[in-house]
Amino acid sequence: MKYKAPRGTRDLLPGEAEKWHFVESRFKELCNIYGFTEIRTPIFEETALFVRSMGEETDVVKKEMYIFKDQGGRELALRPEGTAGVVRAFIEHGIHNEAQPVKLFYYGPMFRYDRPQAGRQRQFYQMGIEIFGTKDPAVDVEVIKFSQDFFQGLGFSNLSLQINSTGCSECREDYLEQLSVFADARVSSLCGDCKERSRLNPLRLLDCKEIGCREEMKDAPRITDHLCSSCRDHFDKVLFLLDSLEIIYNVDHQLVRGLDYYTNTAFEFHSSTLGAQNSLGGGGRYDNLVEVCGGASTPGVGMAVGVERIVMAMEKEALFSEEMPAAGIFIAVGEQNDLPLRREALLLLNYLRGKGIVCDTDYLGRSLKAQMKFANRKRFRYVVILGGEDPSEGTLKVRDMLKGDQTELLRSEAIELLLKNCGK
RNA sequence: GUGGGUGUAGCUCAGCUCGGUUAGAGCGCCAGGUUGUGGCCCUGGAGGUCGUGGGUUCAAGUCCCAUCACUCACCCCA
C-alpha cells in the first residue's frame with residue numbers, strides 16, 4: 001500500500017456517505033424553513049482576512065492555519081472556519097444593500113493543522129448560519145432555537161446548551177483588566193499556561209483544566225457582573241426569550257469562545273457521549289466583525305456545527321435508522337451466452353430505468369445462482385429471471401426476494417406489477 | 001508542539017512475554033454441493049514485502065533503535 005490519505009483526513013466510504021447526506025439534507029431543509037439561503041465562498045482566502053477576523057493571538061492563527069504562497073506570490077490560507085469568508089463576501093458584494101436582515105447558510109470543509117484525535121480532523125466539515133443587520137436579542141435566540149431544532153430533528157435528546165455573555169469591546173476591556181489584576185495577585189499558584197494566558201488572553205484563565213487553577217480562579221470576577229447596561233440588558237433579554245421558548249440552558253460563566261470576534265452572546269451545545277471534544281457546535285454574536293473586516297458597521301450573529309462530531313454522536317446514540325429497505329429490480333439472465341436473451345435483458349433494463357426505477361443486471365457472465373446471491377446481497381426487492389427452465393413466450397418470471405415466492409406473468413402484467421411496486 | 005496505547009489477509013483480530021520448520025481464525029470475496037434460483041448449512045479456492053527503514057542474532061512477525069501512520073489525552077477547537 002503506497003499512498004495513504006494525508007494525516008487528519010479521511011475517506012467517506014459508501015455506507016457512511018449516506019449518513020452525512022442525511023445530516024446535510026436535514027440542515028438544508030431547516031434553513032429553508034427559517035429563511036436562510038445558501039452562500040458558497042472559496043476554500044482559500046487571503047491569509048490576512050483570517051488573521052484580522054479571528055485575532056492575531058488566537059491559536060488558530062498562530063499555529064493551526066494551512067498557509068501557502070501561490071505562484072503569483074499571494075499569501076493565502078485554507079479557511080479554518082466559515083464566518084470570515086462569508087463576511088468578506090457580504091462586504092465585497094454590497095449585500096448590506098439588500099433587504100435586511102440578511103440570513104445566510106454555508107456548508108463545506110474547513111482546515112486546521114491540529115493534532116488529530118477523536119472528533120478532530122485536519123480537514124473537517126462545518127455547517128453554519130449567519131444573520132447580519134440586527135442587534136435584536138430575538139435574533140440571538142433564533143440562532144439558538146435553530147440549532148436546537150436541528151439537533152432535535154436528528155434525534156438528540158440529551159444535549160446541553162451552555163450560554164454566556166462576553167460583553168461588548170468596552171465592558172470586556174474593563175473586565176479583562178479586573179481579571180488580570182485578580183490573576184496577577186495569585187500568579188504564583190497558577191500553572192505555566194495560565195501565566196501566559198494572563199498576559200495574552202485573560203479570558204482563557206477561566207477554563208483552565210488544572211484543578212489548582214480552577215480553585216484559584218473560582219472566585220474570579222464574572223463578566224456577567226461587569227457588563228455595561230446595554231450588554232446587561234441584551235443578555236437579560238436573550239435569557240428571557242429562551243425561557244419563553246422553554247429552552248433549557250445553563251449560564252456558564254467560564255464559557256469563552258476561541259475567536260476574538262465574538263461579542264455579547266456566546267453559546268455551545270455539548271454532548272456527553274462524545275470524548276474530550278464534546279462540543280457539537282456553537283456560536284454567538286459578532287457585532288464588530290464586519291467593521292473590523294472593512295465594511296460598514298453591521299451587527300451579526302451566527303453559529304456553526306461540526307458534521308463529523310454530529311455523525312459520531314449519532315452513531316454512539318444509534319440515531320441512524322438501520323439498513324435500508326430492499327428496493328429495485330435485478331434482471332437475471334439464465335443463459336449468459338444466449339445473445340438474444342441478453343439483448344432482451346438490456347432492453348428491459350433500460351426501459352425500467354427510463355421509468356425511474358432502480359434497476360441493474362449482471363455483467364460478469366455469472367451463473368444464475370451467483371446472480372441471485374448478488375441480488376440478495378445488494379438488497380434488491382425483485383428479480384426478473386429471463387430464460388431458465390421451460391421459458392414460454394411473452395412471459396416474465398418475477399421473484400419477490402422478501403417473500404421468497406416467484407410467479408410467471410404475462411410480460412405486460414409483470415411490468416405493471418414492477419412499476420406499481422417499485423415506482424416513485 | 002507534548003505524553004500514553006496500537007500497526008499481522010478487504011474487515012475484526014490471534015501469534016509477540018519465553019526469537020526457531022510452509023504465519024492462523026472468523027467475517028467478506030470467488031467457486032462447488034443443487035443437469036441454471038438468494039438467505040441457513042457444508043466443502044474448496046484466491047488473498048499477507050507481518051506499517052517502513054536500520055540494528056542484534058546462525059535465525060526476527062516475535063528483541064532494540066529510528067521513522068511514518070492510526071488512536072486516546074493535553075494545548076485549543078467543530
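First the proteins, then the strands, lettered A, B, ... as listed; each starts at 1.
Rounded to an integer number of Å, the gap from CD of Glu308(A) to C1' of U71(B) is 16 Å. In this structure, the CG atom of Asn278(A) is 10 Å from the P atom of A73(B), given to the nearest Å. Atom pair Arg10(A):CZ and U71(B):C1' shows a separation of 13 Å (rounding to whole Å applied). Spacing between atom CE of Met127(A) and atom C1' of A78(B) amounts to 11 Å, rounded to whole angstrom units. If you measure from atom CG of Leu255(A) to atom P of A78(B), you get 10 Å, rounded to the nearest angstrom. C72(B) atom P lies 8 Å from atom NZ of Lys316(A), rounded to whole Å. A straight line from OH of Tyr262(A) to C1' of C77(B) spans 11 Å, rounded to a whole angstrom. Between the CZ atom of Phe267(A) and the P atom of A78(B) there is a distance of 11 Å, given to the nearest Å.
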Side-chain atoms of residues 134-146 of chain A: list all donor-acceptor pairs with protein atoms under 3.5 Å, sequence neighbours left out, distances to 0.1 Å.
residue   : atom : partner   : partner atom : Å
Thr134(A) : OG1  : Asp136(A) : N            : 3.0
Asp136(A) : OD1  : Ala138(A) : N            : 2.9
Asp140(A) : OD1  : Arg285(A) : NE           : 3.0
Asp140(A) : OD1  : Arg285(A) : NH2          : 2.6
Asp140(A) : OD2  : His234(A) : NE2          : 2.9
Asp140(A) : OD2  : Thr265(A) : OG1          : 2.6
Asp140(A) : OD2  : Arg285(A) : NE           : 3.0
Glu142(A) : OE2  : Lys103(A) : NZ           : 2.6
Lys145(A) : NZ   : Asp149(A) : OD1          : 3.0

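For U2(B), the paired nucleotide is A73(B), the pair qualifying as Watson-Crick or G-U wobble because both relevant distances are below 3.5 Å. The base-pairing partner of C40(B), taking Watson-Crick or G-U wobble contacts with both distances under 3.5 Å, does not exist among the strands shown. Base pairing of A59(B): no nucleotide in any strand meets the Watson-Crick or G-U wobble criterion (both distances under 3.5 Å).
Taking the six-membered ring for Trp and thresholds of 30 and 60 degrees, Tyr175(A) and His226(A) have ring planes inclined between 30 and 60 degrees apart.
Residues satisfying the side chain to side chain donor-acceptor pair (under 3.5 Å) criterion with Arg7(A), sequence neighbours excluded, are absent altogether. Evaluation of the side chain to side chain donor-acceptor pair (under 3.5 Å) rule for Arg115(A) yields no partner, not counting sequence neighbours. In terms of the side chain to side chain donor-acceptor pair (under 3.5 Å) criterion, residue partners of Gln406(A) (sequence neighbours excluded) are, by chain and number, Arg399(A). Residues passing the ring pair (Phe, Tyr, Trp, His ring centres under 6.0 Å) test with Phe330(A), sequence neighbours excluded: Phe374(A), Phe380(A). For Gln277(A), there are no side chain to side chain donor-acceptor pair (under 3.5 Å) partners two or more places apart in sequence or in a different chain.
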Output one line per pair: protein atom, nucleotide atom from nucleotides 29-31 of chain B, and distance, for all N/O pairs under 3.5 Å.
residue : atom : partner   : partner atom : Å
C29(B)  : OP1  : Arg377(A) : NE           : 3.1
C29(B)  : OP1  : Arg377(A) : NH1          : 2.8
C29(B)  : OP2  : Arg377(A) : NH1          : 2.9
C30(B)  : OP1  : Arg366(A) : NH1          : 3.0

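Nearest to the side-chain atoms of Phe124(A) among the listed nucleotides A73(B), A78(B), C70(B) stands A78(B). For Lys63(A), whose side chain is taken as the heavy atoms from C-beta onward, the closest listed nucleotide among A73(B), C75(B), A69(B) is C75(B). Residue Arg399(A) places its side chain closer to U37(B) than to any other of A78(B), U37(B), C76(B). Taking the side chain of Ala276(A) as heavy atoms from C-beta on, and the options A78(B), A73(B), U37(B), the nearest nucleotide is A73(B).
Salt-bridge annotation for Arg52(A) and Glu46(A): absent, with no side-chain N of the basic residue lying under 4.0 Å from a carboxylate O of the acidic one. Residues Arg40(A) and Glu38(A) are paired through a salt bridge, judged by an N-O separation under 4.0 Å between the basic side chain and the carboxylate.
Comparing the same atom, C1', in U12(B) and in C76(B) gives a spacing of 34 Å after rounding to whole Å. Taking atom P on both nucleotides, U21(B) is separated from C63(B) by 16 Å, rounded to a whole Å. Look at the C1' atom in both U62(B) and C50(B): the space between them is 10 Å, to the nearest Å. Here the separation of U52(B) from G61(B), taken at their P atoms, is 11 Å to the nearest Å. Spacing between G15(B) and A25(B) at atom C1', rounded to whole Å, works out to 11 Å. Nucleotides A23(B) and U6(B) place their P atoms 25 Å apart, quoted to the nearest Å. Between the C1' atoms of G39(B) and U22(B), the separation comes to 37 Å (whole Å). Here the separation of A9(B) from G4(B), taken at their P atoms, is 26 Å to the nearest Å.
At a threshold of 4.0 angstrom between heavy atoms, the contacts of Gly8(A) are confined to the sugar-phosphate backbone, with no base atom among them. Counting non-hydrogen atoms under 4.0 angstrom, Leu280(A) reaches the backbone sugars and phosphates but no base. As judged by a 4.0 angstrom heavy-atom cut-off over every strand, Gln406(A) is placed among the base-contacting residues.
For the pair Arg112(A) and Tyr66(A), the cation-pi test (distance below 6.0 Å, angle within 45°) is failed.
Within residues 106-122 of chain A, the residues having any heavy atom closer than 4.0 Å to RNA chain B are, in order of number, Arg112(A), Asp114(A), Arg115(A), Gln117(A), Ala118(A), Gly119(A), Arg120(A), Gln121(A).
Comparing Glu81(A) and Asn376(A) by the nucleotide of RNA chain B that holds the closest heavy atom to each, the one mapping nearer the 5' end is Asn376(A). If Gln126(A) and Ala5(A) are placed on RNA chain B by their nearest nucleotide, the residue sitting closer to the 5' end is Ala5(A).
Contacts classified as side chain to side chain donor-acceptor pair (under 3.5 Å) and involving residues 306-319 of chain A (residues at least two apart or in different chains) are given here: Lys19(A)-Glu315(A), Thr273(A)-Glu317(A).
One side chain, Asn250(A) or Gln162(A), offers a donor N or O that lies under 3.5 Å from an acceptor on the other.
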